[in-house]
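The block underneath contains the structure these notes are about, expressed in structure tokens.
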Amino acid sequence: MFYHETRKGTHWPLTENDITVSGTVVLTQQEWSAFLQCLQGGTVEKVTENTESGDSGPWLYLYWNEERYSYSFVSYSERIAFEALCTELAAGKDK
């Protein structure tokens, strides 16, 4: 399953009340394969809460067994390809 959300607001931190778009999509095998293809080669790190530093994002979090991880793409072009795929999945378009 693919869950997506967009949060917008002028305050920090943005919360669930700031979600403007969200949804869950059941992925086909082809969509799941395309999703995994976009993530190959990137790095994953377990998230540790740190309120002393940081930037305004955007961030990509992966959730596995109730734990949160941050993900960094291998390249900017891979990130753009992933964003395009996610936009298609969120819109429910055929691939």
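Every heavy atom of this structure was used, including side-chain atoms; hydrogens, water molecules and symmetry mates were not.
- Annotation for L14: hydrophobic cluster partners, listed by chain and number, are none (ILVMFWY side-chain heavy atoms under 4.5 Å, direct or chained).
- Transitive grouping of hydrophobic side chains (ILVMFWY, heavy atoms separated by less than 4.5 Å) brings F35 and Y69 into a common cluster.
- No more than 12 heavy atoms of other residues, nucleotides or ligands sit less than 6.0 Å from atom OH of Y76.
- Counting only residues at least two apart or on different chains, the salt bridge (charged side-chain N to carboxylate O under 4.0 Å, His left out) pairs with a member in residues 14-30 are R7-E16.
- The heavy-atom pair separating S22 from E5 by the smallest distance is CB-CB, 3.9 Å.
- In terms of hydrophobic clustering, with Ile, Leu, Val, Met, Phe, Trp and Tyr side chains grouped at heavy-atom distances under 4.5 Å, W64 and L39 are assigned to a common cluster.
- Residue F73 holds its CZ atom at 8.0 Å from CZ of R79, rounded to the nearest 0.5 Å.
- Looking only at side-chain heavy atoms (C-beta outward), M1 and V25 stay at 4.5 Å or farther from each other.
- To the nearest 0.5 Å, atom CD of residue Q37 and atom CD of residue E78 are 8.0 Å apart.
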Verdict with reasoning, E67 to V47, per side chain to side chain contact (heavy atoms under 4.5 Å, CB included): CA-CA 8 Å; E67 293 192 33; V47 172; over 6 Å; no
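- Residues V74 and Q40 fail the side-chain proximity criterion, which asks for heavy atoms closer than 4.5 Å.
- Following chains of ILVMFWY side-chain contacts shorter than 4.5 Å, one can reach L27 starting from Y71, so the two form part of one hydrophobic cluster.
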